[in-house]
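Structure first, then comments.
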Amino acid sequence: MIREIPAKAIFDTVCDLIRKASFTPSPDISAALSGAYREEKYAPARFALVQILENGRIASGNSIPICQDTGMAVFFIELGQDVHITDGGFEESVREAVARSYRELYLRKSVVADPLFHRVNTRDNTPPVIHTRIVPGSMVRILFIAKGFGSENMSRIAMLPPAAGREGVLQTIVSAALEAGPNACPPMILGVGIGGDFEQAAVMAKRMTARGVGTHHPQAEYAALEKEAMDAINASGIGPSGVGGKCTVLAVNIDTAPTHIASLPVAVNVCCHASRHAYAEL
Ligand code: SF4
């Protein structure tokens with residue numbers, strides 16, 4: 001049976017997600033930052049963590065952005081095949097919600113229309129980046145990510161030969177974080193996509209930045225790889241805001257997909273502590 005969902009409901013939901021993500025730090029990230037503070041002895045790192053936590057409290061208490069880079073609007077959408085959107089277009093509703101929200105919430109408009117020659121600001125933070133999958137059922141699931149580009153710019157993809165194996169993947173993840181250093185506003189959250197093809201690896205990596213801090217890959221081998229990468233990065237001493245200290249990364253979140261016999265793609269999407277994301281189902 002077909003379920004009708006008005007485009008206005010998509011618009012309203014996306015507006016709610018943008019408001020929620022832009023002003024309120026995720027509880028899992030705040031808890032992890034507080035835990036890092038309790039573990040840290042080095043005074044500059046403790047000071048940096050206090051500043052990050054205080055910034056989050058001020059932002060959510062006063063409805064002001066967590067960071068001045070309010071991000072490019074990225075959406076992961078699962079659209080049930082039994083859904084019929086009425087009274088408007090689906091993607092148009094998402095685009096309009098981004099334009100309205102970034103304007104009315106005074107979020108910085110960070111998108112230029114032409115990437116190379118003209119770089120003129122679109123003035124409403126559109127267009128968003130939308131990844132849509134058609135899935136069974138009559139639900140619509142929307143994950144919004146406001147992606148800052150200080151960290152996005154430090155992201156990497158490597159098309160490794162299969163013989164690179166576990167060690168090659170580990171080195172790719174760790175070196176991405178070490179090269180990012182203070183530029184990605186640590187403590188970082190790394191989303192990692194292993195397998196698929198070139199673009200599928202990158203899409204998985206972006207989505208994994210929102211999997212949650214403190215979650216683990218369900219397969220023990222990958223969960224162990226997540227932990228080993230985290231430990232190696234945190235041993236680097238880059239620390240919060242790059243001032244030195246124990247906590248450089250809060251999470252390494254891996255997702256995987258089948259791949260070609262001749263390749264071992266690894267994408268690392270670097271995200272800062274201001275990892276802003278929100279999720280809703282209709
Ligand atoms: S990397 Fe993150 S915390 Fe740093 S400026 Fe960009 S959005 Fe803000």
Side-chain angles (χ1 to χ4, degrees), residues 17-34 36-37 44-45 47-75 98 101-102 105-112 115 119 121 125 128-129 143-156 173 176-192 202 205-213 233-234 236 238-245 247-253 267-278:
L17 291 175
I18 294 173
R19 174 185 290 276
K20 186 174 167 203
S22 299
F23 301 150
T24 311
S26 294
D28 55 327
I29 295 175
S30 298
L33 289 167
S34 297
Y37 175 78
F47 182 74
L49 289 164
V50 166
Q51 296 299 306
I52 293 168
L53 285 162
E54 182 66 5
N55 175 70
R57 276 191 287 272
I58 292 170
S60 61
N62 297 277
S63 295
I64 56 177
I66 297 168
C67 179
Q68 45 77 30
D69 181 353
T70 51
M72 196 163 183
V74 181
F75 293 88
V98 170
S101 298
Y102 274 74
L105 300 176
Y106 299 102
L107 303 174
R108 194 183 79 184
K109 289 76 180 173
S110 306
V111 176
V112 293
R119 296 189 70 85
N121 197 301
N125 221 50
V129 177
L143 170 65
F144 165 66
I145 298 176
K147 190 64 175 73
F149 267 49
S151 52
E152 184 82 351
N153 283 347
M154 307 315 293
S155 300
R156 297 284 181 270
I173 299 168
L178 301 191
E179 286 168 23
N183 292 340
C185 298
M188 298 172 245
I189 292 160
L190 302 185
V192 180
K206 173 64 60 64
R207 189 175 183 122
M208 282 298 99
T209 64
R211 192 185 74 187
V213 173
I233 296 163
N234 283 333
S236 70
I238 293 169
S241 303
V243 300
C247 184
T248 303
V249 70
L250 294 172
V252 174
N253 294 343
V268 183
N269 193 240
V270 180
C271 192
C272 56
H273 57 79
S275 169
R276 289 147 297 177
H277 51 87

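Atoms within a ligand are numbered from 1 in the order they appear, just like the ligands themselves. Position 1 is the first residue of the sequence, and the numbers go up from there. Side chains are part of it too, since the values below use all heavy atoms of this structure and drop only hydrogens, waters and symmetry mates.
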To atom 2 (Fe) of ligand 1, the nearest of P182, S110, C272 on a heavy-atom basis is C272

Quiz item: Does atom CZ of F149 have more than 12 heavy-atom neighbours, drawn from other residues, nucleotides or ligands, at distances under 6.0 Å?
Solution: yes

Atom 7 (S) of ligand 1 sits nearest the protein heavy atom R276 NH2, 3.2 Å

D28 side-chain N/O to V213 backbone N/O, donor-acceptor pair under 3.5 Å: yes

* Consider ligand 1: state whether an atom of it lies below 4.0 angstrom from any non-hydrogen atom of Q68. => yes

Could you tell me whether atom 4 (Fe) of ligand 1 has an N, O or S atom of C185 under 2.8 Å away? yes

Closest to atom 5 (S) of ligand 1 (heavy atoms only, candidates P65, G150, C67) is C67

Numbered in order shown, the ligand 1 atoms found under 4.0 Å of a heavy atom of S151 are 1 (S)

Margin query: Does R156 have more than 12 heavy atoms from other residues, nucleotides or ligands lying within 6.0 Å of its CZ?
Written below: yes

Presence of N, O or S from H273 under 2.8 Å of atom 2 (Fe) of ligand 1: no

- Query: Got more than 12 heavy atoms from elsewhere within 6.0 Å of NZ, K20?
  - Reply: no

In ligand 1, the atoms that come under 4.0 Å of a heavy atom of G148 are 7 (S)

Query raised in the report: Just by modelled atom types, is the T248 backbone N or O under 3.5 Å from a matching donor or acceptor in the N234 side chain?
Result: yes

Taken to the nearest 0.5 Å, the spacing of D69 CG from S151 OG works out to 8.0 Å

